[in-house]
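Working notes, structure below.
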Amino acid sequence: MHGAETGALSRVERLSQEWRKRLGVTTDNRPPDPHTVGLLVAQAYPDRLAQLREGDRLRYRLSGGRGVRLGEDDPLAGTPWLAVAHLDAGQEEGRIFLAAPVEPERLAPLARPVEHIAWDARNGVLVAQRELRIGEVVLSKEPLAHLEPARRREVLCQAVRSQGLGLLPWTEALRQWQARVLSLRRWRPEEGWPDVSDAHLLETLEDWLAPWLDGVSRREDFGRLELQSLLGGLLPWPLPARLEALAPTRLEVPSGSKIKLTYSPDGSPPVLAVKLQELFGLADTPTVNEGRTPVLLHLLSPAGRPIQVTQDLKSFWNNTYPEVRKELRGRYSKHPWPEDPWNAEPTRKTKPR
């Protein structure tokens, strides 16, 4: 018999002798079965059943939830299941001093069945299984044959709350839809625009998202949700049409281009980033919200770099443009830089050859 085995046996034998004495069991001189000793220990201390952690040979998790470990030279290292008779009382990871191996199939009388339904954030999958447990330790598990839709929805809503709305298939267009609605909620509080902020959406998942989660089992399934339709359903009639009229996604400028607007959820003026040559002749700053909200103009050079940020276009032409013209017309000589921007033709093209 190897020395390591002898050491393990002597410890098990001492433990076995103690239990035999307590239980009044008579014995012959044959060495005790270590797994029988382990079963006795598990019955006496069901919170000390220890399962080896995956990818380790020394660290275990007790059925009571605590983490414990064996010493580096312990002959029981790597044993899948242990029943721990003696361990330290440290506050963090404990140290096992005396234990015996145990066969999990013999522990069934100590276990209780549990339906475990949870979102596995690491693997991005809904876990639904029936488990046989002793405390926090799972002895066996099998998939649930049937999962109640209400329970599925509850767990998936919890997953979205925990991980955030990023689980859902947001696009830049949807984020802009959200910002437009929130802007109108601030600009026109009397009209009853709904709160579609992230915080409120997370609070009300059961109302607008849960009914559509019956087919979701994996992270990829969230990506297949028709999020645009789900969010659009939060706008009662006639607000969808009002949204397009009051907070359009694009504005037409004098050159004929339809330039994208960028809205902010805090209700600040939307940004219109446009080359200044496309605005020649325009005196008044464009507006949204039925003329109540001037946009914030980001006037761009021909290279697309901001030259000026303003909500007063008339002042820009009168006061700032001459300096801009002087500085940039040599650098961008292929583009028009008229002395009189009021009467120049707006264009997005270079000067004709």
Side-chain angles (χ1 to χ4, degrees), residues 38 42 45-69 78-84 92-94 101-170 198-227 229-231:
Y45 304 114
D47 61 331
R48 294 188 191 175
L49 178 66
Q51 183 180 21
L52 187 66
R53 293 186 183 272
E54 186 175 353
D56 206 303
R57 59 185 297 275
L58 299 176
R59 300 176 66 245
Y60 288 77
R61 185 188 188 192
L62 293 178
S63 51
R66 186 184 179 193
V68 292
R69 67 180 295 130
T79 304
W81 296 86
L82 296 175
V84 180
E92 297 182 358
E93 190 174 53
V102 64
E103 297 168 327
E105 58 270 19
R106 300 175 68 181
L107 297 170
L110 303 178
R112 61 186 178 90
V114 175
E115 285 193 355
H116 176 62
I117 305 168
W119 178 255
D120 180 348
R122 180 178 179 182
N123 296 308
V125 64
L126 179 67
V127 176
Q129 57 195 24
R130 187 181 305 278
E131 299 176 347
L132 199 60
R133 287 189 177 195
I134 297 179
E136 299 298 316
V137 169
V138 178
L139 298 181
S140 63
K141 55 190 176 184
E142 60 182 14
L144 278 177
H146 176 69
L147 178 58
E148 291 292 335
R151 181 62 177 143
R152 173 191 295 272
R153 296 169 188 171
E154 177 186 355
V155 171
L156 292 175
C157 284
Q158 291 172 354
V160 175
R161 283 200 177 93
S162 173
Q163 294 195 254
L165 291 173
L167 270 179
L168 305 181
W170 287 93
D198 282 7
H200 189 72
L201 290 176
L202 287 171
E203 288 176 4
T204 57
L205 291 172
E206 287 75 13
D207 298 329
W208 65 273
L209 180 63
W212 307 96
L213 296 178
D214 290 351
V216 174
S217 296
R218 309 185 68 84
R219 185 182 289 115
E220 306 89 82
D221 297 332
F222 280 111
R224 299 186 184 97
L225 293 174
E226 294 291 338
L227 188 57
S229 298
L230 301 188
L231 294 174

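Basis for what follows: all heavy atoms, side chains included, without hydrogens, waters or symmetry-related copies. A quick note: this is a predicted structure, and the numbers were derived from the prediction, not measured.
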field: Under 3.5 Å side-chain donor-acceptor pair for R152 and S217
entry: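 Their side chains do contain a donor-acceptor pair, which is all the 3.5 Å distance test asks for.
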Verdict with reasoning, E54 to R61, per salt bridge (charged side-chain N to carboxylate O under 4.0 Å, His left out): CA-CA 10 Å; E54 186 175 353; R61 185 188 188 192; over 6 Å; no
Crowding at [atom1], [X] (>12 non-hydrogen neighbours, <6.0 Å):
| X | atom1 | value |
| --- | --- | --- |
| W208 | CH2 | yes |
| E226 | CD | no |
| R133 | CZ | yes |

Is there a donor-acceptor pair closer than 3.5 Å between any side-chain N or O of [X] and the backbone N or O of [Y]?
| X | Y | result |
| --- | --- | --- |
| W119 | Q158 | no |
| T204 | H200 | yes |
| R153 | D214 | no |
| R219 | A121 | yes |

field: NZ/NE/NH1/NH2 to OD/OE distance under 4.0 Å, D221 and R224
entry: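 Between R224 and D221 there is a salt bridge, with a charged N closer than 4.0 Å to a carboxylate O.
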Ion pair check, R59 and E93, cut-off under 4.0 Å: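 Counted as a salt bridge, because a side-chain N and a carboxylate O are separated by less than 4.0 Å.
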[Y] and [X], any side-chain heavy atoms less than 4.5 Å apart:
| X | Y | result |
| --- | --- | --- |
| V102 | T79 | no |
| L165 | V160 | yes |
| Y60 | R69 | no |
| L62 | Y45 | no |

So, taking the atom named [atom1] in [X] and the one named [atom2] in [Y], what distance separates them when rounded to the nearest 0.5 Å?
| X | Y | atom1 | atom2 | answer |
| --- | --- | --- | --- | --- |
| L230 | L168 | CG | CG | 8.5 Å |
| L58 | R53 | CG | CZ | 12.5 Å |
| I117 | L147 | CD1 | CG | 5.0 Å |
| E142 | L132 | CD | CG | 9.5 Å |
| L144 | E131 | CG | CD | 9.0 Å |
| L209 | L201 | CG | CG | 9.5 Å |

Closest heavy-atom contact between [X] and [Y]?
| X | Y | value |
| --- | --- | --- |
| S63 | P46 | OG-O, 2.5 Å |
| R112 | V114 | NH1-CG2, 3.0 Å |
| A42 | A83 | N-CB, 3.7 Å |
| R48 | V84 | CD-O, 3.0 Å |
| L213 | C157 | CD1-SG, 4.0 Å |

